[in-house]
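Order of appearance sets the numbers: ligands from 1, and atoms from 1 within every ligand. Start at 1 with the first residue, then count along the sequence. The figures that follow rest on heavy atoms only: side chains count, while hydrogens, waters and symmetry mates do not.
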Amino acid sequence: MKNLFSMADLTDIEIKALIKRAIELKNGTSPLKREDLYISNLFFENSTRTKKSFEVAERKLGMNLINFEADTSSVKKGETLYDTCKTLEMIGIDILVIRHSQNEYYKELENLGIPVINGGDGSGEHPSQCLLDLMTIYEEFGKFENLDVVIAGDIKNSRVARSNQKALTRLGAKVKFIAPEMWQDKSLGEFVKFDDVIENVDVCMLLRVQHERHEDDNKRSFSKEDYHREYGLTVERYWKLKSDAIIMHPAPVNRDVEIADELVEAEKSKIFEQMRNGMFMRQAILEYIIEKNKL
Ligand code: CP
């Protein structure tokens, strides 16, 4: 079974083929039509972008989207994730898209007879977000080799940081991080100060402060204003960026925390373009999963 659990499931060639296909779809090529296939999106954590762009992508492929709401499902009666997914397989669902708060939840689904696309696992990985981020960077620079990328934010709790670090490094970009000490994960790479790198970065990626993953937010030693000043993209820092640098954020954005309110739609910002690209990338991912599994 070919799943998309993490970026490690894709070769560099497959990543580049997905980017090429997503750009073709964005430029107007018609997607594959598979009106015979059934798909269900199981979101056990909140989502707007990932869930809705998968829904639009699935409908554009003509697929039958079978609604699943965790709160009204038998999960509430204690049914396990595996039993829920196996049930959906037996009922006739062909593909599952799953977001879950448990890191690597997908390990218990390896023996399912239908493919799973990971829509985000805890602080583990978020491969479809990573692929749309790569598409956005590629559209801008036409390459990844030797690009200077800085990822600032709640790195320790971020699945986006993990997926992007792995993929961008593999593709030849140089990735550094910015975070308060308590949200650093040194296994990912070098942590730097914003003001030491701002003038040299090609891609400035801000990540959301993930309050829902903090055990006790009250123990933070800094206010939102302090965080913005030290670790956020302020207006002063924006004007130090190179002329062709871009700003990214997977969103949702905490305005005036990770990024100054007025910069969210600034000229260098690709934040809403990332969301547009997300739908095309998710069409490309669905086509890939359909083809690889000969569905
Ligand atoms: N970027 C992202 O995953 O957004 P959602 O949580 O809204 O899906």
Side-chain angles (χ1 to χ4, degrees), residues 4-7 18-19 22 26 39-60 65 67-71 95-106 116-137 139 149 151-168 179 183 203-214 232-233 246-255 257-259 263-265 269-286:
L4 180 56
F5 294 150
S6 82
M7 290 308 289
L18 281 163
I19 293 169
K26 188 176 178 182
I39 189 159
S40 198
N41 303 322
L42 283 58
F43 277 63
F44 297 92
E45 280 192 331
N46 295 344
S47 170
T48 298
R49 277 146 288 273
T50 311
K51 188 174 182 188
K52 294 300 158 191
S53 59
F54 263 117
E55 283 181 14
V56 174
E58 290 154 3
R59 290 185 195 280
K60 286 196 183 235
L65 175 56
N67 190 37
F68 177 91
E69 297 300 338
D71 281 348
I95 303 173
L96 297 173
V97 179
I98 304 178
R99 170 174 287 190
H100 202 285
S101 59
Q102 185 188 314
N103 283 22
E104 298 187 333
Y105 69 80
Y106 46 78
V116 171
I117 300 170
N118 180 12
D121 61 298
S123 57
E125 285 221 30
H126 195 346
S128 68
Q129 177 70 46
C130 176
L131 287 162
L132 76 89
D133 289 344
L134 295 176
M135 173 186 176
T136 307
I137 294 169
E139 278 186 321
V149 179
I151 306 181
D154 186 356
I155 305 299
K156 188 173 160 188
N157 294 297
S158 175
R159 52 196 175 211
V160 179
R162 254 167 216 98
S163 288
N164 274 325
Q165 186 272 344
K166 283 182 194 165
L168 282 164
W183 296 337
V203 178
C204 178
M205 186 182 292
L206 295 320
L207 298 180
R208 186 172 64 86
V209 175
Q210 302 197 36
H211 300 289
E212 72 274 25
R213 299 194 205 284
H214 301 157
L233 187 66
I246 61 168
I247 303 167
M248 300 176 72
H249 192 311
V253 172
N254 294 308
R255 286 173 181 256
V257 181
E258 300 100 45
I259 177 168
L263 298 180
V264 173
E265 293 187 70
S269 172
K270 300 294 164 192
I271 295 173
F272 285 99
E273 196 61 23
Q274 285 172 265
M275 295 177 208
R276 188 202 309 276
N277 287 346
M279 198 286 295
F280 296 107
M281 180 50 79
R282 286 167 178 129
Q283 281 186 34
I285 292 169
L286 289 164

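Separating the CD1 atom in I285 from the CD atom in Q283 is a distance of 10.5 Å, to the nearest 0.5 Å.
For K156, the NZ atom is loosely surrounded, since the number of other residues' heavy atoms within 6.0 Å does not exceed 12. Surrounding NZ of K60 are at most 12 heavy atoms belonging to other residues, nucleotides or ligands under 6.0 Å away.
Scanning the protein for heavy atoms near atom 4 (O) of ligand 1, the closest one is R49 NE, 3.0 Å. Remark: minimum distance from atom 2 (C) of ligand 1 to any protein heavy atom is reached at A251 O, 3.5 Å. For atom 7 (O) of ligand 1, the closest heavy atom belonging to the protein is T48 N, 2.8 Å. Taking atom 6 (O) of ligand 1 as the reference point, the nearest protein heavy-atom neighbour is R99 NH1, 2.9 Å.
R276 places no side-chain N or O within donor-acceptor distance of the main-chain N or O of F272, the cut-off being under 3.5 Å. Judged by distance alone, with hydrogens and angles left aside, the side-chain atoms of R99 form a donor-acceptor pair with the main-chain N or O of G119 at under 3.5 Å.
Against a heavy-atom cut-off of under 4.0 Å, P250 is close to the following atoms of ligand 1: 1 (N).
Both tests hold for R282 against F54: distance to the six-membered ring centre under 6.0 Å, angle to the ring axis within 45°.
Between G120 and ligand 1 there is no heavy-atom distance shorter than 4.0 Å. The closest approach between any non-hydrogen atom of H126 and ligand 1 is below 4.0 Å.
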